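Predicted model only: the values in this text are computed from it and were never measured.
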Amino acid sequence: MKYSILILVLLLTLTCKKGEKAMANEDSTVANMKKQLNYLALGDSYTIGESVATNENFPNQLANELVKNGLTVNPPIIVAKTGWTTAELQSGIKNAKLPEYKFDIVTLLIGVNNQYRGESIEVYRKEFKELLQTAINFAKDKSHVFIISIPDWGATPHGQQSGRDPKVIAKEIDSFNAINKEETLAAGLSYTNITPFSRLALSDKTLVATDGLHPSGKMYAGWVASLAPLVLNSLK
């Protein structure tokens with residue numbers, strides 16, 4: 001009888017502890033969902049979403065996707081401008097007077113204008129590495145930094161009609177992406193390759209904005225489909 005009572009007490013104690021642990025985990029999940037997350041997006045025209053509505057650019061679509069998954073995300077702070085190279089993004093960041101707090105999400109997509117202007121690939125590597133460190137410094141943790149490859153503008157109607165060989169453009173874009181991928185992985189950061197998706201614009205013009213050059217909201221949605229799971233996983 002004595003042993004039966006003892007076993008019953010032990011079972012009740014274990015059950016209570018499991019219940020308390022489950023409640024603690026649930027409380028933690030709810031707390032994370034209610035927490036307001038801050039997002040910094042660094043880049044060029046592909047980040048501001050040239051020729052599409054603000055809510056269609058990829059930072060805002062990404063934020064909306066996170067909200068759909070139960071998170072609370074403040075409107076993204078975007079430091080980007082059409083035509084910016086790595087050097088110009090560095091200057092833009094210095095002049096942006098950004099908040100002093102650390103960000104929960106930081107994205108970086110930069111380099112197409114370095115390629116477009118025929119700038120040195122060695123200079124790109126140097127400045128891209130510096131921007132990686134800048135992104136890390138802005139983030140609460142390096143696992144919250146997400147790097148995106150350069151899309152191939154040669155696959156767009158404008159690229160096809162630009163007078164420049166689309167095959168050469170593609171080769172140069174691949175060279176720049178080889179560098180940003182190498183440096184991203186060396187820094188231990190997340191890398192999302194959206195370049196193959198950007199090349200679908202050759203056969204699907206709905207992936208291109210009305211200017212014939214920049215991505216449409218539909219293309220940005222495709223980028224977000226690849227990026228959002230990585231971001232969500234980092235915020236667990």
Side-chain angles (χ1 to χ4, degrees), residues 37-50 57-60 62-63 74-154 169-195 198 214-215 220 223-224 226-227 230-231 234-235:
L37 302 174
N38 295 304
Y39 171 19
L40 174 65
L42 306 173
D44 50 36
S45 60
Y46 294 132
T47 295
I48 62 171
E50 181 73 24
N57 66 28
F58 92 78
N60 278 288
L62 175 59
N74 290 322
I77 293 177
I78 298 176
V79 181
K81 190 172 181 180
T82 298
W84 270 1
T85 61
T86 44
E88 289 162 338
L89 175 57
Q90 288 177 313
S91 297
I93 292 169
K94 289 176 183 176
N95 296 329
K97 297 180 181 178
L98 290 166
E100 293 184 2
Y101 57 72
K102 297 286 187 176
F103 289 85
D104 302 279
I105 308 158
V106 180
T107 58
L108 172 65
L109 193 176
I110 192 71
V112 70
N113 295 298
N114 295 69
Q115 178 275 330
Y116 183 82
R117 298 184 197 177
E119 293 191 357
S120 163
I121 207 161
E122 289 77 18
V123 171
Y124 175 70
R125 182 187 293 275
K126 174 182 177 295
E127 293 173 351
F128 184 79
K129 284 177 69 174
E130 292 168 352
L131 284 165
L132 285 181
Q133 189 56 56
T134 298
I136 291 170
N137 292 343
F138 277 126
K140 287 183 177 179
D141 186 271
K142 68 189 300 183
S143 66
H144 294 188
V145 177
F146 303 89
I147 312 306
I148 301 153
S149 70
I150 304 166
D152 184 356
W153 65 275
I169 296 171
K171 186 177 179 181
E172 291 176 356
I173 292 289
D174 287 343
S175 295
F176 276 83
N177 278 331
I179 286 176
N180 60 42
K181 181 178 181 179
E182 180 184 343
E183 296 300 339
T184 296
L185 297 181
L189 303 176
S190 171
Y191 187 82
T192 301
N193 182 13
I194 54 82
T195 310
S198 75
H214 292 93
Y220 285 132
W223 298 7
V224 169
S226 296
L227 187 59
L230 303 175
V231 178
S234 78
L235 296 172

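At a cut-off of 3.5 Å, with distance as the only test, a side-chain donor of N180 or N177 sits close to an acceptor on the other residue. When only modelled atom types and interatomic distance are considered, S143 and S234 share no side-chain donor-acceptor pair under 3.5 Å.
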Begin with the C-alpha distance, continue with both residues' side-chain angles, and end with the deciding distance and a verdict on side-chain contact (heavy atoms from CB on, under 4.5 Å) for L131 and T86.
CA-CA 8 Å; L131 284 165; T86 44; 3.9 Å; yes

Which is it for V123 and N114 under the side-chain contact (heavy atoms from CB on, under 4.5 Å) test, yes or no, and what are the steps along the way?
CA-CA 9 Å; V123 171; N114 295 69; 5.7 Å; no

E119 and T85: CA distance, side-chain angles, deciding distance, side-chain contact (heavy atoms from CB on, under 4.5 Å) verdict:
CA-CA 9 Å; E119 293 191 357; T85 61; 3.8 Å; yes

Worked verdict on L189 versus I136 for side-chain contact (heavy atoms from CB on, under 4.5 Å):
CA-CA 9 Å; L189 303 176; I136 291 170; 4.0 Å; yes

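The side-chain heavy atoms of E127 and Q90, taken from C-beta on, include a pair separated by under 4.5 Å. The shortest distance between side-chain heavy atoms of L62 and F146 does not fall below 4.5 Å. Side-chain contact check for I121 versus F176: some heavy-atom pair is nearer than 4.5 Å. Counting only heavy atoms from C-beta outward, the side chains of N60 and Y220 never approach each other to under 4.5 Å.
Residues L109 and P151 come closest through the heavy atom pair CD2-CD, 4.1 Å. The heavy-atom pair separating A96 from V79 by the smallest distance is CB-CG2, 4.1 Å.
Between the CG atom of N57 and the OG atom of S45 there is a distance of 11.5 Å, given to the nearest 0.5 Å. Taking CG from N113 and OH from Y124, the interatomic distance works out to 11.0 Å, rounded to the nearest 0.5 Å. Distance check: L42 CG to I147 CD1 gives 8.5 Å after rounding to the nearest 0.5 Å. Taking OG1 from T82 and CH2 from W84, the interatomic distance works out to 10.0 Å, rounded to the nearest 0.5 Å. If you take NZ on K102 and CG on D141, they are separated by 10.5 Å, rounding to the nearest 0.5 Å. The distance from atom CG of D44 to atom CD1 of I110, rounded to the nearest 0.5 Å, is 4.0 Å.
Ionic pairing of K126 and E122 is not present here: no N-O contact between side-chain nitrogen and carboxylate oxygen is shorter than 4.0 angstrom.
Side-chain N or O atoms of K181 include none that pairs as donor or acceptor with a backbone N or O of N193 at under 3.5 Å.
With a 6.0 Å radius and a threshold of 12 heavy atoms from other residues, nucleotides or ligands, K140 has its NZ atom above the threshold.
Screening Y46, F58, Y191 against I148 for a side-chain contact (heavy atoms from CB on, under 4.5 Å) leaves a single residue, F58. Looking at T195, T192, D174 one by one, the single match for side-chain hydrogen bond (donor to acceptor under 3.5 Å, both in side chains) with S149 turns out to be T195.
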